[in-house]
Amino acid sequence: MRLSHSLIPTLKETPAEAQIASHRLMLRAGLVRQTSAGIYAWLPIGHRVLRNIERIVREEQDAAGAQECLMPTIQPAELWRESGRYDDYGKEMLRIRDRHDRELLYGPTNEEMITDLLRGSVRSYRELPQILYHIQWKFRDEVRPRFGVMRGREFLMKDAYSFDLDYAGAVVSYRRMMLAYMRTFQRLGLKAIPMAADSGPIGGDMSHEFIILAPTGESQVYFDAAFEEIDYLAQGAGGFDHANASDLERFFTSMTTHYAATDEKHDPAAWASVPAARRREGRGIEVGHIFYFGTKYSAAMGFAVAGADGKPVHPEMGSYGIGVSRLVGGVIEASHDDAGIIWPDAIAPFRAAILNLKQGDPVCDSLCEALYARLGPAALYDDRAERAGVKFADADLMGHPWQIVVGPRGAATGRVELKRRASGERVELARDDALTRIG
RNA sequence: CGGAGCGUAGCGCAGUCUGGUAGCGCAUCAGUCUGGGGGACUGGGGGUCGUGGGUUCAAAUCCCGCCGCUCCGACCA
């Protein structure tokens with residue numbers, strides 16, 4: 001994209017409402033704009049980041065054997081009456097009436113709907129197990145939205161639902177999703193720690209939340225550094241394969257034996273047994289949550305398949321959520337400095353920015369155009385008639401992993417300066433060497 | 001849902017107490033000089049002061065209602 005004709009409204013000053021780093025930076029770097037309390041419009045570069053996170057989430061869900069589908073945002077009240085949650089959910093659920101006075105709601109989650117879909121089509125135990133997921137907007141009418149997209153009312157969530165014939169199968173699905181989550185967070189450049197959790201309004205007795213450390217987190221968390229040392233993406237020996245039951249077993253054991261707890265479940269005695277050098281604690285933000293809840297919905301909603309003996313069986317279910325839009329804020333909380341955002345390569349809106357320090361100078365212009373032609377959509381070309389300082393400041397603010405600085409000094413000999421945002425390291429190189437370096 | 005506060009130009013704010021017809025910085029537009037970390041100068045444009053009503057010769061300013069937003073607490077992907 002050419003910055004001169006893009007809707008990337010960066011701000012020098014911070015809007016008054018933003019309290020935390022990620023919110024301030026998302027507004028200042030032009031990623032989002034608030035349209036109502038807890039509801040945001042995603043501007044072009046914010047949207048690119050959202051899509052990049054979505055892509056990684058999708059790849060890992062697919063790799064774990066989950067099937068992508070897409071359910072609507074608007075749901076009929078009737079389904080929620082079947083599960084009994086229509087009344088239980090309370091004011092957080094946005095209730096709507098259509099022109100025929102039929103009761104609808106903007107979905108805060110999809111257990112009822114997915115259960116309804118499967119009960120309409122799945123008849124035999126032979127068709128199980130199955131895991132389905134979608135990435136869809138949700139609405140929860142929070143009393144007090146805050147922290148930008150970290151706690152909005154409308155948010156993008158990946159939610160997956162597993163259906164197994166029996167408990168043993170449900171455990172495998174649960175572990176498989178848990179592994180997919182750890183892989184996903186690692187690819188996003190985050191250290192997420194799984195912590196045993198209460199299952200909350202969804203019900204059930206096996207549940208973990210995934211927490212990343214950030215000073216603005218909602219709760220105090222404690223964990224063993226062992227979690228940070230595991231490479232969830234490793235292949236072969238020591239790695240974990242979704243399809244291998246003993247790998248999943250070994251993976252799950254390591255996830256549940258090392259100490260990890262939020263403050264409400266914190267056990268000082270157990271904590272004391274963790275070697276001091278391995279103790280990690282701080283504020284944590286929840287970026288994912290997984291639940292096993294057995295036959296709660298399949299039983300309440302009359303979903304049964306024929307078992308091997310011909311008798312009806314209610315499938316065992318689990319649900320698995322990742323806050324995709326919240327992760328944009330979460331990544332920024334975990335990766336920024338005084339100058340702005342520092343995007344991990346995997347989700348950066350642009351791999352590189354091309355900074356033309358002397359727009360209108362034929363040599364600089366043609367060198368920039370050549371670079372832009374080679375990099376294409378991976379690059380943001382700052383072709384504005386702005387001074388160098390403005391371009392440096394905006395590039396740092398937006399956090400592109402690489403900056404290619406083209407100024408009259410080097411351009412005469414075809415040389416550019418390449419800056420790595422994360423380290424601040426700069427080197428001067430020939431144009432093509434810079435392109436090679438960026439990869 | 002309890003408590004507190006704010007709404008004046010795109011953003012950040014002053015002006016409100018003590019009524020007299022709206023101002024500052026940044027941004028923006030034109031021009032000149034500049035040119036490697038948010039530059040300087042000159043000259044412009046942009047606001048029914050959230051909204052409805054009331055008081056008054058006169059309301060951003062005083063009074064009442066409503067709407068929106070924010071912060072603290074309890075609650076949440």
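This structure is a prediction, so every number in the text was calculated from the model and none was measured. Below, read A as the first sequence line, B as the second, and so on, with proteins coming before strands; counting in each chain starts at 1.
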(request) Kindly say whether A:Gln136 contributes a backbone atom to a donor-acceptor pair with the side chain of A:Lys138 at under 3.5 angstrom? (result) yes
(request) Check every strand shown and say whether A:Ala393 touches a base, only sugar-phosphate, or nothing at a heavy-atom separation below 4.0 Å. (result) base
(request) Name the nucleic acid region contacted by A:Lys158, choosing base, sugar-phosphate or nothing; use a 4.0 angstrom heavy-atom cut-off, strictly under. (result) nothing
(message) Tell me if the side-chain of A:Arg387 makes a donor-acceptor pair with the base of B:U34, cut-off 3.5 Å, by modelled atom types.
(response) yes
(message) B:G37, OP1 or OP2 - any side-chain N/O from A:Lys391 closer than 4.0 Å?
(response) no
(request) Any chance you could lay out the salt bridge (charged side-chain N to carboxylate O under 4.0 Å, His left out) test for A:Arg2 and A:Asp382, step after step, and finish with the verdict? (result) CA-CA 6 Å; A:Arg2 289 176 194 267; A:Asp382 191 344; over 6 Å; no
(message) Does B:G68 have its OP1 or OP2 closer than 4.0 Å to a side-chain nitrogen or oxygen of A:Gln34?
(response) no
(request) Classify the nucleic acid contact of A:Ser325 as base, sugar-phosphate or nothing, counting any heavy atom under 4.0 Å across all strands shown. (result) nothing
(request) Would you indicate what A:Val405 reaches in the nucleic acid, counting non-hydrogen atoms under 4.0 angstrom: base, sugar-phosphate, or nothing? (result) base
(request) Measure the distance from CZ on A:Arg384 to P on B:G39 and round it to the nearest whole Å. (result) 12 Å
(request) For the pair A:Trp271 and A:Tyr259, name the ring-plane relationship: parallel under 30°, tilted 30 to 60°, perpendicular over 60°. (result) tilted
(message) Students often get this wrong, so: under 4.0 angstrom with heavy atoms, is A:Gly152 touching a base, only sugar-phosphate, or nothing?
(response) base
(request) Evaluate side chain to side chain contact (heavy atoms under 4.5 Å, CB included) for A:Met150 paired with A:Ile20, printing each intermediate quantity in order. (result) CA-CA 10 Å; A:Met150 299 284 285; A:Ile20 64 169; 4.0 Å; yes
(message) Taking atom types as they are modelled, would you say the side chain of A:Arg28 forms a donor-acceptor pair with the base of B:G38 within the 3.5 Å cutoff?
(response) yes
(request) Tell me what A:Glu209 touches on the nucleic acid: a base, only sugar-phosphate, or nothing, going by heavy atoms under 4.0 Å. (result) nothing
(request) Could you check A:Tyr167, A:Tyr320, A:Tyr174 and say which one makes a ring pair (Phe, Tyr, Trp, His ring centres under 6.0 Å) with A:Tyr292? (result) A:Tyr167
(request) Using only heavy-atom distances, decide whether a donor-acceptor pair under 3.5 angstrom links the side-chain of A:Arg140 to the base of B:C76. (result) no
(request) Confirm from the modelled atom types if A:Asp361 and B:G35 form a donor-acceptor pair under 3.5 Å, side chain to base only. (result) no
(message) Between B:G37 and A:Arg426, counting only base atoms on the nucleotide and side-chain atoms on the residue, is there a donor-acceptor pair under 3.5 Å?
(response) yes
(request) May I ask which nucleotide in the shown strands pairs with B:G5, Watson-Crick or G-U wobble, both distances under 3.5 Å? (result) B:C69
(request) Report yes if a donor N or O on one partner sits less than 3.5 Å from an acceptor N or O on the other, where the partners are the side chain of A:Glu13 and the base of B:G25; otherwise report no. (result) yes
(request) Flag as yes if A:Phe155 stacks onto the base of B:A77 (centroids under 5.5 Å, planes under 30°), otherwise no. (result) yes
(message) Once you apply a heavy-atom cut-off of 4.0 Å, does A:Asp159 come out as touching a base, just sugar-phosphate, or nothing?
(response) nothing
(message) Between B:C24 and B:A30, how far apart are the two C1' atoms, rounded to whole Å?
(response) 22 Å
(message) Between the base of B:C72 and the side chain of A:Arg146, is there a donor and acceptor pair under 3.5 angstrom?
(response) no
(message) As a test of reading the structure: which of B:C26, B:C75, B:C1 is closest to the side chain of A:Lys12, going by heavy atoms?
(response) B:C26
